[in-house]
Asker: 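Below are the structure tokens for one structure; questions will follow.
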2 protein chains.
Amino acid sequence: MDKVKQIIKDKGQRFTSQKKEILNVLQQKPQTVFEIYTAVNSKKNHMNKVTVYRILTSFLELGIVNKVQFNDKEARFELSNSGHHHHLVCEVCGLIEDIQLPENIFLKEVKNKTDFKIKSHSLEFFGICDRCQ
Amino acid sequence: MDKVKQIIKDKGQRFTSQKKEILNVLQQKPQTVFEIYTAVNSKKNHMNKVTVYRILTSFLELGIVNKVQFNDKEARFELSNSGHHHHLVCEVCGLIEDIQLPENIFLKEVKNKTDFKIKSHSLEFFGICDRCQ
DNA sequence: AGTATTATTGCAAACAGATTGCAATAAGTC
DNA sequence: GACTTATTGCAATCTGTTTGCAATAATACT
């Protein structure tokens, strides 16, 4: 949290209560704009939807959050402090679990097959989680 | 094309000139709604945007096309006759190349690490193509 | 080929998600 | 505590997508 605060201040921007709240909400899991908006408005305090959009856009530019797209679903925002990883998405309950994979196993394969210079990739799995089976 | 025609007719639906045109456009590469709409309207014949949406939705339901999402970019539609594959997306020119990978190499890895029952996955690569380097 | 049936198209309007302009507010500095 | 200015909230706007409905055209039948 303090690290994020520093990133914000270093850019001459302000660490407002709204930003703090959104950070708290994102601590739990990757969430859609709607989910974030709902979460920060459940209690007595109100936050405008426009503010949520603006803060998320700003966080994205500062590299504080990542935007992840699961197929044709809505985009989700996740804190980017946890390094590169992949996701397991439960198609029943919507649970999202992180997973780390040794990527060389397929990056090497790609290098053999094509002349593309790979910069990044996204790999997501869809299925049914332990609980929902 | 005749195969697609059969799928449509088997459902009691009609093989219209508009559907034919959209199929032709998709033959080239995966495209966004906007691109498809533009392509079918470049010539003298006009097609309403609503029609494009409706046909794409219908094709999606019939399994004639697939919807693919590349990160935070707009969704694209591609003909689904080519079986499961992955994509290489050039971040400079936007070229999209298909690639087949032996998937066991990472599916096995996932099975070892989690109790998720995997149903499907998406794997896309972003980088710079041969030409743009 | 001509006619009847009904899926499909085009248009206008509605809808939803995201963005912008601007005055009021509050974070950070002195 | 007062000042400066980034940020917020509100209203309005914009863009992408969907819906209702009458006109059109693809198919089946004679």
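Sequence lines set the chain letters: A, B, ... in the order given, protein chains first and strands last, and positions in each chain run from 1.
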Asker: Return yes if a side-chain donor-acceptor contact under 3.5 Å exists between B:His84 and B:Gln100, otherwise no.
Answerer: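 No.
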Asker: Flag the pair A:Gln31 / A:Val25 as yes when at least one side-chain heavy-atom distance between them is below 4.5 Å, and no otherwise.
Answerer: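 Result yes, sub-4.5 Å side-chain heavy-atom pair found.
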Asker: Has B:Lys49 got its NZ or CZ under 6.0 Å from the middle of the six-membered ring of B:Tyr37, at an angle within 45 degrees of the ring axis?
Answerer: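 Yes, a cation-pi geometry holds between B:Lys49 and B:Tyr37.
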Asker: In this structure, how many angstroms lie between the P atom of D:dT15 and the OH atom of B:Tyr37, rounded?
Answerer: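 Between P of D:dT15 and OH of B:Tyr37: 14 Å.
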Asker: Using whole Å, report how far NZ of B:Lys20 lies from P of D:dA25.
Answerer: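 For the pair B:Lys20 NZ and D:dA25 P, the rounded distance is 14 Å.
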Asker: For C:dC11 and B:Asn48 - does any side-chain N or O of the residue sit under 4.0 Å from the phosphate oxygens OP1/OP2?
Answerer: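 For C:dC11, OP1 or OP2 has a side-chain N or O of B:Asn48 closer than 4.0 Å.
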Asker: Whole Å only: how far is the CD1 atom of B:Ile36 from the P atom of D:dG16?
Answerer: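 After rounding, the gap between these two atoms is 14 Å.
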Asker: Between D:dG9, C:dT8, C:dG10, which one does the side chain of A:Arg54 approach most closely?
Answerer: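 Of the options given, the side chain of A:Arg54 lies nearest D:dG9.
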Asker: Report the distance from atom CG of B:Leu62 to atom C1' of C:dA7, rounded to the nearest whole Å.
Answerer: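 Taking atom C1' of C:dA7 as the reference, CG of B:Leu62 is at 13 Å.
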Asker: Over how many whole Å does the gap from B:Asp10 atom CG to D:dA28 atom C1' extend?
Answerer: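 Rounded to whole Å, this separation is 16 Å.
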Asker: Roughly, in whole Å, what's the span from NZ in B:Lys49 to P in C:dG10?
Answerer: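 These atoms are roughly 14 Å apart.
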Asker: A:Tyr53 side chain: which of D:dT8, C:dA18, C:dC11 is closest?
Answerer: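 The answer is C:dA18.
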Asker: May I ask you to decide if the ring planes of A:His121 and B:Phe125 are parallel, tilted or perpendicular, using 30° and 60° as cut-offs?
Answerer: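 The rings of A:His121 and B:Phe125 sit tilted, inter-plane angle from 30° to 60°.
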Asker: Report the hydrophobic cluster partners of A:Ile128, with the cluster defined as I, L, V, M, F, W, Y residues connected by side-chain heavy atoms closer than 4.5 angstrom, directly or transitively.
Answerer: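 Members other than A:Ile128 - counting any ILVMFWY side chain reachable under 4.5 Å - are A:Val92.
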Asker: State, yes or no, whether a side-chain contact exists between A:Phe77 and A:Leu60 at a heavy-atom distance under 4.5 Å.
Answerer: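 Yes. Closest side-chain heavy atoms under 4.5 Å.
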Asker: For residues A:Glu21 and A:Asn45, is any side-chain donor paired with an opposing acceptor at under 3.5 Å?
Answerer: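 A:Glu21 vs A:Asn45: donor-acceptor pair found between side chains.
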Asker: Please state how far atom NE2 in A:His46 lies from atom C1' in D:dG9, giving the value in whole angstrom units.
Answerer: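 The answer, rounded to whole Å, is 7 Å.
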Asker: In whole angstroms, how far is the C1' atom of C:dT8 from the NZ atom of B:Lys11?
Answerer: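 Between C1' of C:dT8 and NZ of B:Lys11: 18 Å.
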Asker: Any N/O pairs under 3.5 Å between the protein and nucleotides 25-29 of chain C? List them or say none.
Answerer:
| unit_1 | atom_1 | unit_2 | atom_2 | d |
| --- | --- | --- | --- | --- |
| C:dA27 | N3 | A:Arg14 | NH1 | 3.0 |
| C:dG28 | OP1 | A:Lys9 | NZ | 3.3 |
| C:dG28 | OP1 | A:Phe15 | N | 3.0 |

Asker: Could you tell me if the side chain of B:Phe70 sits less than 4.5 Å from the side chain of B:Arg76, heavy atoms only?
Answerer: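 With C-beta onward as the side chain, the pair touches.
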Asker: What's the angle between the local helix axes at either end of the helix from C:dA1-D:dT30 to C:dC30-D:dG1, using five pairs per end and rounding to 10 degrees?
Answerer: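 The helix from C:dA1-D:dT30 to C:dC30-D:dG1 shows an end-to-end axis angle of 40°.
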Asker: Determine whether a donor-acceptor pair (N or O, by modelled atom type, separation under 3.5 Å) exists between the side chain of B:Glu124 and the backbone of B:Leu88.
Answerer: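 Side chain of B:Glu124 to backbone of B:Leu88: no pair is present.
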